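Computed from a predicted structure; not experimentally measured.
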Amino acid sequence: PLLCDLTVNGPGFIMSRIKASFLEAGVNDIIKNGAPTKPKCTTESSNHNVVVDFSSPNIAKEMHVGHLRSTIIGEAVCRILEYTGSDVKRVNHVGDWGTQFGMLIQYLKEEYPNFHSDIPNITDLTGFYKNAKSRFDESPEFKKISQLNVVKLQGGDEECRKIWQVLCDVSRKEFEKVYKRLDITVEECGESFYNDKIAPVIDEFVERDMINVEEGGAKCVFVPKYKVPLMLQKSDGGYGYDSTDMAAIKYRLDRLNASQIVYITDFTQADHFQMVFAAAKKIGWVDDESHRLDHIGFGTVQGEDGKRFKTRSGDTVRLVDLLDEAVARMEASLKERRAEGKVATSEDEVHATASAMGYGAVKYFDLRRNPTSNYIFSYDRMLDTKGNTAIYLLYAHARLESIVSKGKADFGADVDALIKDGKAKIVLAHKSERNLGLHLQFFADSIEDTLKDLFPYHICDFVYALSIAASEFVTQCKVLGSPEMESRLLLCRATAITMRQCFDLLGIRHVMRI
């Protein structure tokens, strides 16, 4: 039995304790395996293919704060699904197709006439796009040529295709600056990829007599619960988001053999994706028993004024600048604490440590809440060393590893040697030890909860509660120099191992020493 000390408390309350031996078995397994125990529901079958569609910036535009949530939530969701055994396809559905490319192609031709031999170095994508848009709005001649460029591009014109490729390549370099900082892995498969797959999808709906031809010739599909239809083809014969997303879901189900598809966008697109899902069910591509379709719609990142987060001049905040500012502030804080003798970080380690903590702080500040909620972006709150922040958690983790290191250096208690020699044994005698052992048991539960709705905040809640239990343990129980030192050092290590697994699932770099 797992329970002991059964007592009746008040009118009908039965109180019990979990046996220490059960908790001890759990924490000793963490030490033995070098990892926390996975939940039993983890998918080990190789046929569980999941497509996660996230990040999805637009070509010829800078990644801005609006892309932050999709990018970091998507990365965490991918890591969690991979950890639990799914074969995950990480898809970056970039906006690399559409009428805007006509003006961008023309502007590049005019501004960089030697682009054939000298690839332009466009570092300010936002400025480039704004200038092209201004020319488009102000010059009727430029506008007309731009519109012709769209037709030529879609028709495969060699020069237009080459300029389009230049714009894509330049944009990818800028996107990669963000992805590298945030440790994001994603494979580009943009809107243009599905262009030749749209017509067959429309034909399939026509053959099944599911198309409504509206006045003007637009081809639409009506789905239950929605009065407005999906428009698979515009009256002028062109395609839009509805067309592309229907072709994409068909490709992902048929060619990628996806049994689950996850879309991560802002909440305003919720109805659009529910209609796409409904249309896919209507035509028989998906069924509830063998497929799962998810849309994670996230809220808005706001400034202190409660409006969309922007610069003081009213411009959209570049994501690279936002991330670099977090690191700069963290680096200044570490240097100040180092001068005061409050941290063990060496001068050479400061920047790497600040990068891990700064980027981690931005990620955790977002991931720790329900993604559907809005939140106010605040460097001060996310970089706080107290409370539910990545900074607090990373310090808590480093403190545990520091205790383990001191055990070896000052008392000769080598945790790694104990584990290697098979002599590692944790005994949970004190109530704070048992409490920490109980919290470590909840890891698998947090993963199971996350798999239900794919919201990473469940893991954040777990690791924060775990760190509080660990703090209580090292405060109430003497570790170094105590008769129970070896057992307690191993408990510190088991907790640190579990925290590192959580950091990894959230896409946060851990730090061994601060």
Side-chain angles (χ1 to χ4, degrees), residues 56-64 66-67 93-175 190-196 198-199 202 213-220 228 230-245 268-269 272 308 310-311 313-316 318:
S56 308
N58 291 312
I59 293 295
K61 285 187 177 180
E62 297 274 7
M63 287 185 74
H64 55 77
H67 296 109
H93 190 80
V94 298
D96 65 351
W97 205 246
T99 54
Q100 75 273 21
F101 280 95
M103 71 176 188
L104 296 170
I105 287 168
Q106 189 58 29
Y107 187 71
L108 188 139
K109 284 169 74 172
E110 293 181 2
E111 289 294 308
Y112 301 94
N114 298 324
F115 76 91
H116 289 284
S117 56
D118 185 16
I119 295 176
N121 181 26
I122 306 170
T123 54
D124 183 6
L125 282 170
T126 302
F128 180 85
Y129 191 94
K130 283 183 177 179
N131 292 338
K133 186 70 168 67
S134 295
R135 289 276 286 135
F136 185 84
D137 292 339
E138 294 166 5
S139 170
E141 184 182 356
F142 183 91
K143 185 174 184 177
K144 186 176 180 180
I145 297 171
S146 297
Q147 290 167 339
L148 291 172
N149 282 339
V150 175
V151 178
K152 289 164 71 175
L153 174 64
Q154 293 177 345
D157 178 81
E158 188 177 342
E159 184 181 49
C160 285
R161 281 275 180 168
K162 183 168 184 178
I163 299 173
W164 172 77
Q165 193 62 58
V166 167
L167 290 167
C168 290
D169 291 343
V170 168
S171 301
R172 286 187 194 106
K173 288 180 182 177
E174 293 303 306
F175 300 160
E191 293 173 0
S192 62
F193 176 79
Y194 304 102
N195 203 48
D196 63 352
I198 295 172
I202 296 173
V213 180
E214 301 296 294
E215 189 176 344
K219 295 178 180 177
C220 301
V228 179
L230 285 168
M231 188 180 294
L232 297 193
Q233 191 167 21
K234 300 176 184 177
S235 55
D236 63 2
Y239 303 134
Y241 288 123
D242 295 353
S243 324
T244 305
D245 283 332
T268 62
Q269 297 186 50
H272 166 73
R308 285 186 181 274
K310 293 183 179 291
T311 63
S313 61
D315 293 327
T316 304
R318 293 173 72 236

Are L167 and F128 packed together at the side-chain level, in the sense that at least one heavy-atom pair is separated by less than 4.5 angstrom? yes
Decide yes or no for V150 and F101: does some side-chain heavy atom of the first lie under 4.5 Å from some side-chain heavy atom of the second? no
Quick check against the 3.5 Å criterion: does S243 have a side-chain atom that pairs as donor or acceptor with the backbone of I198? no
Main-chain N/O of A218 paired to E214 side chain as donor or acceptor, under 3.5 Å: no
D137 with K133: basic N within carboxylate O range, under 4.0 Å: yes
Close side-chain approach of K234 to K219, heavy-atom, < 4.5 Å: no
Go through it in stages, so that I can follow the logic: the residues are E158 and R161, the test is side chain to side chain contact (heavy atoms under 4.5 Å, CB included), and I'd like the CA-CA distance, side-chain angles, deciding distance and then a yes or no. CA-CA 5 Å; E158 188 177 342; R161 281 275 180 168; 5.8 Å; no
R318 and E174: which non-hydrogen atoms are nearest, and at how many Å? NH2-OE1, 4.3 Å
Residues in ring pair (Phe, Tyr, Trp, His ring centres under 6.0 Å) contact with Y239, at least two apart in sequence or another chain: none
Which value, rounded to the nearest 0.5 Å, describes the distance between R308 atom CZ and H64 atom NE2? 8.5 Å
Does the N58 side chain pair with the main chain of K61, one donor and one acceptor, at a distance under 3.5 Å? no
Taking the side chain as C-beta and beyond, is there a heavy-atom pair between Q147 and M103 under 4.5 Å? no
Residues that H272 engages under ring pair (Phe, Tyr, Trp, His ring centres under 6.0 Å), provided they are two or more places apart: none
N131 side chain to G127 main-chain N or O, any donor-acceptor pair under 3.5 Å? yes
Using side-chain heavy atoms (C-beta onward) and a distance below 4.5 Å, is C160 in contact with N149? yes
With rounding to the nearest 0.5 angstrom, report the CD1 to CH2 distance, I105 to W164. 9.5 Å
Rounded to the nearest 0.5 angstrom, the SG-CG distance for C220 and L232 is 7.5 Å
Keeping D96 on the side-chain end and E191 on the backbone end, is there a donor-acceptor pair under 3.5 Å? yes
Between P113 and E110, what is the shortest heavy-atom contact and its length? CD-O, 3.8 Å
Which ring-ring contact (aromatic ring centres under 6.0 Å, His included) pairs, counting each pair once, include a residue from residues 129-160, with sequence neighbours left out? none
Taking all atoms of both residues into account, what is the closest heavy-atom pair of G216 and S235, and its distance? O-CB, 3.3 Å
Counting distance only, does the side-chain N/O of D242 pair as donor-acceptor with the main-chain N or O of M231 below 3.5 Å? yes
Interatomic distance, D157 atom CG to L148 atom CG [nearest 0.5 angstrom]: 11.0 Å
Trace of the salt bridge (charged side-chain N to carboxylate O under 4.0 Å, His left out) decision for K152 with E159: CA-CA 9 Å; K152 289 164 71 175; E159 184 181 49; 5.2 Å; no
Would you give the length of the straight line joining atom CD1 of I59 to atom OG of S192, rounded to the nearest 0.5 angstrom? 8.5 Å
Evaluate Y194 against D245 for side chain to side chain contact (heavy atoms under 4.5 Å, CB included), listing each step before the verdict. CA-CA 9 Å; Y194 304 102; D245 283 332; over 6 Å; no
Taking the side chain as every heavy atom from C-beta outward, state whether V94 and P57 have any atom pair closer than 4.5 Å. yes
Is atom NZ of K310 surrounded by more than 12 heavy atoms (other residues, nucleotides or ligands) closer than 6.0 Å? yes
What do the steps show when you test K143 against E138 for side chain to side chain contact (heavy atoms under 4.5 Å, CB included), and what is the final call? CA-CA 8 Å; K143 185 174 184 177; E138 294 166 5; over 6 Å; no
S171 vs L125, side chain to side chain contact (heavy atoms under 4.5 Å, CB included): CA-CA, chis, key distance, verdict: CA-CA 8 Å; S171 301; L125 282 170; 4.1 Å; yes
A side-chain contact here means heavy atoms from C-beta on lying under 4.5 Å apart; do W97 and F193 qualify? no
Could you check Y241 against H93 for ring pair (Phe, Tyr, Trp, His ring centres under 6.0 Å), going step by step and ending with a plain yes or no? CA-CA 11 Å; Y241 288 123; H93 190 80; 8.6 Å; no
